[in-house]
Visitor: 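Please find one structure pasted underneath; my questions will follow.
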Amino acid sequence: MSIAMLLEMAADGAPDRAAVGSLSGGLTMSELLARATEAGAWLRERGAERLIAVDVNSEAIPIYLFAAAFAGIPYVPLNYRLADDRLRAILARSAPGIAVVHESAVDRVAGTEGIEVVLASDFAQVTSGATTEDAIPADADDIAVLLFTSGTTGEPKAAVLRHRHLTSYIFDTVEFLGSDADEAALVSVPPYHIAAISAVLSSLFGGRRLVYVPQFSPKNWVELARQEAITHAMVVPTMLDRILDELESGENALPALRHLSYGGGRMPMAVVERAMTLLPQVNLVNAYGLTETASTIAVLTPDDHREAFASDDPTVRARLGSVGRPLPTIELTICDPEGTPVGPGEKGEICVRGEQVSGEYVGREQAPSDGWFHTNDGGWLDAAGYLFIDGRLDDVIVRGAENLSPGEIEDVLLTHPAVREAAVFGVADREWGEAVAAAVVLDEDETATEDELKAWVREQLRSSRTPDQITFCTELPYSETGKLLRRVLKSELEAKLSHSA
Amino acid sequence: MELKAGSRWRSAVDEVEVVVVRPPAQPVQLECGGAAMVPQGDEPPAGVTIAADWSGGTALGKRFVHEASNLEVLAVKGGTGTLAVGGEALELKGAKPLPASD
């Protein structure tokens, strides 16, 4: 059983349904299957051990994923936006294999040992004399995908996802060909993000057409969504706010859009409320998941959004800032540092177990034998089982004997009418061990002083949680998938402080 | 027959193929159209035909469970035969799909 079977089933059940590409001239399910089996046979003939992709979003992405599966080898999409030396470093770590490379990146990856470079435009044409009968189907336990984690707090790790992790996620969450024939999903996350892998599998198994945004900009996204009558889309937090700006400023209504999911990072509640006001007809879904869990493990459903948005009960209202409830097919608990589960309302580390959960990395110890994956995300469950995320445990600020979550302080800063973005992080401090620092971006045309913002936090949280210093900037550093890079702010400020000391 | 998770089986009497999603708690015989299923890739025994009582059909993409043994299979090819374990028809597993999240 492999992910290739998911495409075979879709092509069997709905051969002529649009699978990927534009309304005029994309590939049908059976055409995609034919292309992927051909490319897979070619990879097998060449003896490729891995299919590495250094390419931007395009209709070729599902072909890479399935061609690798038909060849029985791992698919390894790399982050082409990395600086040259870092890209070459993870390419070398991905060897040996065939790398399908976008024309613009060929010079950057040339001469890596164990890597055969094939131009993306050439790979699109490969043919093979082999037939499907020659294929050796991948085993459920074989590696389907290797994904480098975003490495927001350290060196990227290569997470291992086996076929069984991905197929069990799809079987448990997607109804086979359950989509209406007019449904189309817009994919704007880059190909090396777990959501890009799961988008291919869940859309095609569900019978939904995939459309790719080659290069994200709010304008491109909105234009493509209109042209292609997009019904479904997934965005990361930094994209949503900018898309809403674009929708508000232009005459770009999106009449076909009915379902918008977001995830991949902390979404400010104010942005969710704005989306609900601007797009009242659209179902919103907040999804929480990790690379290591083969995508989503908790969802805040459209009904949850509406109930929370309309509620006067602060407990229910607060759920708009949660990631919803865990999937029924996984186990999820909050543990204290000793690994003992804690009760509702108590904070700790989010731990998960289930068939879709991997938690295995290349070159590191195997996944824990008891099956529990420790996410390194802090969080808590409310009495009704809604999960709230505090952020990475590595980001926790230890001020004196107190553990402070940046997310909690950021949320308070963001409620200030002048604050558009906020980042809170710890900086080394002689007296406290760590002091609380904040970097904020103000709305254009708004002003606020450092003292005013400190007072704003102090009124709502204890004084130990009040930032010791606040800097104002014009933008905050994010990874391209919308993750706030607190360590960048931390090292910048610490360098500045040590310089002035 | 060893119904391992991920193993594929084909009907001896029609087009149905299934993949085992969850293995049974104890060894059982998986049938389709009234006849034992065979491993995918094996030739079905000659002369076996579909039983009229077991021709209610199996829909592609649906999941089926046998409660007593906990066996769960997914139909990866549909057909006219009905799935059963030792003469007990499998039950269609109600889909509870999640709202699309990726």
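Keep in mind it's a predicted model, so treat the numbers as computed, not measured. Because only heavy atoms are used, hydrogens play no part in the values below, and waters and symmetry mates are left out as well, while side chains stay in.
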Visitor: Quick check: are there more than 12 heavy atoms from other residues, nucleotides or ligands sitting under 6.0 Å from CD of B:Q40?
Guide: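 More than 12 within 6.0 Å, yes.
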Visitor: Given a strict heavy-atom distance threshold of 4.5 Å, which part of A:I197 is in contact with chain B: side chain, backbone, both, or neither?
Guide: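 Contact with chain B is absent: no heavy atom of A:I197 under 4.5 Å.
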Visitor: For B:S101, which of A:V285, A:T173, A:I297 qualifies under side-chain contact (heavy atoms from CB on, under 4.5 Å)?
Guide: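 For B:S101, the side-chain contact (heavy atoms from CB on, under 4.5 Å) test succeeds with only one of A:V285, A:T173, A:I297, which is A:V285.
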Visitor: Measure the CZ-CD distance between A:F171 and B:E72 for me, rounded to the nearest 0.5 Å.
Guide: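 Separation between the atoms: 9.5 Å.
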Visitor: Run through A:S198, A:S203, A:S261 and flag the one making a side-chain contact (heavy atoms from CB on, under 4.5 Å) with B:D102.
Guide: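 Passing option: A:S198.
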Visitor: Given heavy-atom pairs under 4.5 angstrom as the criterion, report whether the side chain, backbone, both or neither of A:D139 touches chain B.
Guide: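 No part of A:D139 comes within 4.5 Å of chain B.
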Visitor: For B:V76, is it the side chain, the backbone, both or neither that has a heavy atom under 4.5 Å from a heavy atom of chain A?
Guide: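 Its backbone and side chain both get close to chain A.
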Visitor: Donor-acceptor pair, distance only, cut-off 3.5 Å: does the side chain of A:H259 make one with the backbone of B:A100?
Guide: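 Such a contact is found between A:H259 side chain and B:A100 backbone.
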Visitor: Please determine whether the number of non-hydrogen atoms from other residues, nucleotides or ligands lying under 6.0 Å from atom CD of B:E15 exceeds 12.
Guide: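 Counting neighbours around CD of B:E15, 12 or fewer heavy atoms of other residues, nucleotides or ligands fall under 6.0 Å, so no.
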Visitor: Given A:M1, which of B:V19, B:L74, B:V20 fulfils the side-chain contact (heavy atoms from CB on, under 4.5 Å) condition?
Guide: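 By the side-chain contact (heavy atoms from CB on, under 4.5 Å) criterion, A:M1 pairs with just one of B:V19, B:L74, B:V20: B:V19.
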Visitor: Is B:A75 in contact with chain A via its backbone, its side chain, both, or neither, using a 4.5 Å heavy-atom distance?
Guide: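 Looking at B:A75, just its backbone touches chain A.
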Visitor: Step through the shown structure and confirm whether more than 12 heavy atoms of other residues, nucleotides or ligands are within 6.0 Å of CD on B:E67.
Guide: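 Incorrect, the count does not exceed 12.
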Visitor: So which of B:G61, B:A59, B:S7 has the largest heavy-atom pair count under 4.5 angstrom toward chain A?
Guide: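 Ranked by contacts with chain A, first place is B:G61.
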Visitor: Which bit of A:Y169 is near chain B, if near means a heavy-atom gap under 4.5 Å: side chain, backbone, both or neither?
Guide: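 Just the side chain, heavy atoms under 4.5 Å.
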Visitor: So does B:A5 get a backbone contact from the side chain of A:R164, meaning a donor-acceptor N/O pair under 3.5 Å?
Guide: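 Not a single qualifying donor-acceptor pair exists.
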Visitor: Under a 4.5 Å cutoff for heavy-atom pairs, which residue among A:A199, A:G206, A:A140 has the most contacts with chain B?
Guide: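 Max contact count across the listed options: A:A199.
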Visitor: I'd like to know which of A:H163, A:M5, A:H232, A:M234 tops the heavy-atom pair count under 4.5 Å against chain B.
Guide: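 Going by pairs under 4.5 Å, I would pick A:M5.
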Visitor: Count the heavy atoms of every other residue, nucleotide or ligand shown that sit under 6.0 Å from CD of A:Q281, and state whether that count exceeds 12.
Guide: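 Above 12, so yes.
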Visitor: So for B:L60, is it side chain, backbone, both, or neither that comes closer than 4.5 Å to the heavy atoms of chain A?
Guide: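 For B:L60, the contact with chain A is made by backbone and side chain together.
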